[in-house]
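Just so it is clear, the model here is predicted, and its values are computed rather than measured.
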Amino acid sequence: MNVKGTMTDITTRIREIVASYGQLAVDVQTLADTDDLFRSGMTSLANVTVMLGLESEFGVEFPEEMLRRSTFESISAIRDAVAELLEQVGAA
């Protein structure tokens, strides 16, 4: 995926990664962007796997200050974090 993709493209890819690695109890497509992924069944171990999938897909690395539950709590929170990291990569 082109890292310059639109926010819709980024959201779609995040949903695919969460569906593949998040081990949710529900279909990720049934969730709103703001729904709590941990309440939907994502464990801390699955969260790490999602993070690694995101890093690989988008060519970014989550810094220590972003390694908190709130960063990965919802699709929208993940999208905001990824967008911020992509901005930093683009500015480098």
Subject >> From T43 atom OG1 to L37 atom CG, the distance as rounded to the nearest 0.5 Å >> reply: 11.5 Å

Subject >> Any pair counted as ring pair (Phe, Tyr, Trp, His ring centres under 6.0 Å), so long as it reaches residues 21-40, sequence neighbours left out >> reply: none

Subject >> Test side chain to side chain contact (heavy atoms under 4.5 Å, CB included) applied to T71 and M51, step by step >> reply: CA-CA 10 Å; T71 302; M51 181 194 70; over 6 Å; no

**OP:** May I have the step-by-step check of side chain to side chain contact (heavy atoms under 4.5 Å, CB included) for T6 and T11, ending in yes or no?
**Re:** CA-CA 9 Å; T6 67; T11 302; over 6 Å; no

Subject >> side-chain hydrogen bond (donor to acceptor under 3.5 Å, both in side chains) against S74, all qualifying residues, sequence neighbours excluded >> reply: S76

Original post:
Do you know the tightest heavy-atom contact between V28 and A19?
Top reply: CG1-CB, 3.5 Å

Subject >> Shortest non-hydrogen separation from A77 to S70 and the atoms involved >> reply: CB-O, 3.4 Å

Subject >> Sequence neighbours excluded - salt bridge (Lys or Arg N to Asp or Glu O under 4.0 Å) pairs with any residue from residues 23-52 >> reply: R15-D33, D33-R79

Subject >> Spacing of Q23 atom CD and L45 atom CG [to the nearest 0.5 Å] >> reply: 6.5 Å

**OP:** Calculate, to the nearest 0.5 Å, the distance between atoms CD1 and CD1 belonging to I78 and I14 respectively.
**Re:** 6.0 Å

**OP:** Search all heavy atoms of A81 against all heavy atoms of M66 and return the closest pair with its distance.
**Re:** O-CE, 3.9 Å

**OP:** Could you go through the side chain to side chain contact (heavy atoms under 4.5 Å, CB included) check for L85 and L54 one step at a time?
**Re:** CA-CA 11 Å; L85 293 172; L54 293 164; over 6 Å; no

Original post:
Pairs in or reaching into residues 60-69: which pass salt bridge (Lys or Arg N to Asp or Glu O under 4.0 Å), with residues at least two apart or in two chains?
Top reply: R69-E73

**OP:** With the side chain counted from C-beta on, respond yes when V82 and V60 share a heavy-atom pair under 4.5 Å apart, and no when they do not.
**Re:** no

Subject >> Steps toward side-chain hydrogen bond (donor to acceptor under 3.5 Å, both in side chains) verdict (S44, N47) >> reply: CA-CA 5 Å; S44 57; N47 179 59; over 6 Å; no

Subject >> CD1-CD1 distance between I10 and I75, expressed to the nearest 0.5 angstrom >> reply: 13.0 Å

Original post:
Considering residues at least two apart in sequence or located in another chain, which fulfil the side chain to side chain contact (heavy atoms under 4.5 Å, CB included) criterion with V48?
Top reply: L52

Original post:
Considering residues at least two apart in sequence or located in another chain, which fulfil the salt bridge (charged side-chain N to carboxylate O under 4.0 Å, His left out) criterion with E16?
Top reply: R13

